[in-house]
Undergrad: 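Take this structure, written in structure tokens, and hold onto it; I'll ask about it next.
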Amino acid sequence: MSLIIALDPGRDKCGLAVVRDSGEALDRKVVPTSAILEQISDLASKYPANILVMGSGTYSKQLKEKISSNFIDLEIVTVDESYSTEMAKRLYFEEFPPKGLMKFIPIGLQVPPAPYDDFAAIVLARKYFDSL
């Protein structure tokens with residue numbers, strides 16, 4: 001079994017997830033970008049992951065430098081973020097299906113009621129595992 005930490009970077013908030021090679025998420029959260037180092041440290045102490053997969057989009061270059069200088073034992077792999085937001089939205093609604101009248105509105109027209117950057121991190125992790 002292989003575990004990775006996945007990061008969907010953003011200027012204000014980031015999605016973080018710990019994902020198995022089977023695609024199962026063991027932990028996920030949305031955190032302020034300002035707290036990213038502490039959050040990665042927390043996950044790295046709980047889970048035996050030595051790879052951090054991160055998206056290549058918004059604010060990724062700055063975060064990659066910050067993370068690599070603070071976690072020298074963590075290999076950082078960048079993956080393409082194309083379509084990850086749409087895929088994360090679908091994943092969110094699989095986990096939390098719409099209720100009541102909302103279930104009759106197509107998912108493509110709905111917006112999750114909470115940030116779902118953590119689901120984007122899961123999508124990035126699965127993209128990484130699919131590429132192996």
Side-chain angles (χ1 to χ4, degrees):
M1 174 189 69
S2 179
L3 289 178
I4 60 169
I5 298 172
L7 167 66
D8 178 44
R11 194 170 313 284
D12 299 318
K13 62 184 175 10
C14 296
L16 273 174
V18 176
V19 182
R20 286 185 177 168
D21 52 7
S22 65
E24 176 192 6
L26 302 179
D27 202 334
R28 62 176 175 75
K29 52 185 147 185
V30 178
V31 300
T33 302
S34 60
I36 198 67
L37 294 179
E38 300 88 69
Q39 294 295 324
I40 292 172
S41 179
D42 180 53
L43 291 176
S45 68
K46 290 180 185 174
Y47 300 98
N50 57 359
I51 296 175
L52 181 133
V53 171
M54 67 184 296
S56 59
T58 307
Y59 210 59
S60 62
K61 189 174 186 180
Q62 296 90 328
L63 279 179
K64 185 174 182 177
E65 290 173 11
K66 191 176 187 179
I67 294 165
S68 64
S69 64
N70 283 276
F71 297 95
I72 56 173
D73 293 337
L74 201 56
E75 178 185 352
I76 300 174
V77 178
T78 306
V79 295
D80 181 27
E81 279 192 43
S82 299
Y83 306 105
S84 62
T85 301
E86 294 87 351
M87 294 165 74
K89 184 172 151 180
R90 263 184 269 148
L91 196 57
Y92 176 90
F93 284 119
E94 284 176 21
E95 182 91 12
F96 304 105
K99 297 186 184 330
L101 293 176
M102 293 303 289
K103 65 183 171 188
F104 298 108
I105 298 173
I107 295 298
L109 298 176
Q110 295 190 45
V111 176
Y116 55 102
D117 305 69
D118 49 343
F119 287 93
I122 295 168
V123 167
L124 296 172
R126 291 176 178 175
K127 279 186 171 191
Y128 168 77
F129 285 125
D130 288 345
S131 72
L132 297 180

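All residue numbers refer to positions in the sequence shown, counting from 1.
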Undergrad: Are the side chain of S41 and the backbone N or O of L37 linked by a donor-acceptor pair below 3.5 Å?
TA: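 Not a single qualifying donor-acceptor pair exists.
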Undergrad: Are V79 and F71 connected in a single hydrophobic cluster, I mean Ile/Leu/Val/Met/Phe/Trp/Tyr linked by side-chain heavy atoms less than 4.5 Å apart?
TA: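 Shared cluster, no.
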Undergrad: K29 vs L43, test: side chain to side chain contact (heavy atoms under 4.5 Å, CB included). Steps then yes/no.
TA: CA-CA 11 Å; K29 52 185 147 185; L43 291 176; 3.9 Å; yes
Undergrad: Do any N or O atoms from the side chain of K127 and from the backbone of G55 form a donor-acceptor pair under 3.5 angstrom?
TA: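 Checking the backbone N and O of G55 against the side chain of K127, no donor-acceptor pair under 3.5 Å is found.
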Undergrad: Tell me whether the rings of F96 and F119 are parallel (<30°), tilted (30 to 60°) or perpendicular (>60°).
TA: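 Perpendicular: the ring planes of F96 and F119 meet at over 60°.
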Undergrad: Is the backbone of G10 close enough, under 3.5 Å, to the side chain of T33 for a donor and an acceptor to pair up by distance?
TA: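 Yes, because the side chain of T33 sits within donor-acceptor range (under 3.5 Å) of the backbone of G10.
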Undergrad: Do the side chain of E75 and the main chain of I51 share a donor and acceptor less than 3.5 angstrom apart?
TA: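 Not at all, since once roles are kept as given, no pair shorter than 3.5 Å links the two residues.
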Undergrad: Let me confirm one number: the CD1-CD distance from I122 to E95, rounded to the nearest 0.5 Å.
TA: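 So the CD1 of I122 and the CD of E95 are separated by 7.5 Å.
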Undergrad: Under the side chain to side chain contact (heavy atoms under 4.5 Å, CB included) criterion, do R20 and L26 qualify, and how do the steps go?
TA: CA-CA 7 Å; R20 286 185 177 168; L26 302 179; 3.6 Å; yes
Undergrad: Apply side chain to side chain contact (heavy atoms under 4.5 Å, CB included) to I4 and F129, showing your working.
TA: CA-CA 9 Å; I4 60 169; F129 285 125; 3.7 Å; yes
Undergrad: Would you indicate whether the side-chain heavy atoms of L124 and M54 approach each other to under 4.5 Å?
TA: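 Answer no - side chains too far apart.
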Undergrad: Could you go through D73 and N50, starting from their C-alpha distance and side-chain angles, then the distance that decides it, and tell me whether this counts as side chain to side chain contact (heavy atoms under 4.5 Å, CB included)?
TA: CA-CA 7 Å; D73 293 337; N50 57 359; over 6 Å; no
Undergrad: How long is the straight-line distance from CD1 of I72 back to CD1 of I67, given to the nearest 0.5 Å?
TA: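 Interatomic distance, I67 CD1 to I72 CD1, rounded to 0.5 Å: 15.0 Å.
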Undergrad: Write down the atom of K66, the atom of S69, and the distance for their closest heavy-atom approach.
TA: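 Taking every non-hydrogen atom into account, O-OG, 3.1 Å.
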Undergrad: Would you say L63 and C14 make side-chain contact, with heavy atoms under 4.5 Å?
TA: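 Result yes, sub-4.5 Å side-chain heavy-atom pair found.
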Undergrad: Looking at every non-hydrogen atom in both residues, tell me the closest pair between E81 and G57 and how far apart they are.
TA: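 What the structure gives for the nearest pair is OE2-N, 2.7 Å.
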Undergrad: If you round to the nearest 0.5 Å, how far is CD of E86 from CD1 of I107?
TA: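 Taking CD1 in I107 and CD in E86, the distance rounds to 14.0 Å.
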Undergrad: Are L52 and Y59 linked, directly or through intermediate hydrophobic residues, by side-chain heavy-atom contacts shorter than 4.5 Å (ILVMFWY only)?
TA: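 They do share one cluster, since a chain of ILVMFWY contacts under 4.5 Å joins Y59 to L52.
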Undergrad: Kindly indicate whether the side chain of Y92, heavy atoms from C-beta on, has any atom under 4.5 Å from the side chain of P113.
TA: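 Side chain of Y92 against side chain of P113, heavy atoms only: contact under 4.5 Å found.
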Undergrad: Measure across L74 and A49 and return the closest heavy-atom pair with its distance rounded to 0.1 Å.
TA: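 Reported closest heavy-atom pair: CD1-O, 3.8 Å.
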Undergrad: For A121 versus A6, what's the shortest heavy-atom pair and its separation?
TA: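 Taking every non-hydrogen atom into account, O-CB, 3.1 Å.
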Undergrad: Indicate, with yes or no, if V19 and V77 share a hydrophobic cluster defined by side-chain heavy-atom contacts under 4.5 Å among Ile, Leu, Val, Met, Phe, Trp and Tyr.
TA: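 Looking at the clustering, V19 is in the same group as V77.
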Undergrad: Given a cutoff of under 4.5 Å between side-chain heavy atoms of I, L, V, M, F, W and Y, with clusters grown through shared members, what are the other residues clustered with L109?
TA: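 L109 shares its hydrophobic cluster with M102, I105.
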Undergrad: Quick one: OG on S34 to CZ on R11, what's the gap to the nearest 0.5 Å?
TA: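 Result: 14.0 Å between the selected atoms.
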Undergrad: Are P9 and Q62 close enough that some pair of their side-chain heavy atoms sits under 4.5 Å apart?
TA: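 Counting from C-beta outward, P9 and Q62 never come under 4.5 Å.
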Undergrad: Hydrophobic clusters here meaning ILVMFWY residues chained together by side-chain heavy-atom distances under 4.5 Å, can you tell me if F93 and V123 are in one?
TA: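 F93 clusters together with V123.
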Undergrad: Hydrophobic clusters here meaning ILVMFWY residues chained together by side-chain heavy-atom distances under 4.5 Å, can you tell me if Y83 and V53 are in one?
TA: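 Yes, one cluster joins them.
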Undergrad: Identify which one of I40, V30, D8 satisfies the side-chain contact (heavy atoms from CB on, under 4.5 Å) criterion when paired with L16.
TA: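 Of all the options given, the one that passes is I40.
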Undergrad: Can you tell me how far apart CG (L7) and CD (Q39) are? Round to the nearest 0.5 Å.
TA: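 It is 11.5 Å, given to the nearest 0.5 Å.
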Undergrad: Okay, side chain of R126, backbone of G23: is any donor-acceptor separation there less than 3.5 Å?
TA: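 At least one qualifying donor-acceptor pair exists.
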Undergrad: Quick one: OG1 on T85 to CG on D117, what's the gap to the nearest 0.5 Å?
TA: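 Rounded to the nearest 0.5 Å, the OG1-CG separation comes out at 8.0 Å.
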Undergrad: Backbone N or O of P112 within a donor-acceptor pair of the K89 side chain at under 3.5 Å?
TA: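 No, K89 side chain to P112 backbone: no donor-acceptor pair under 3.5 Å.
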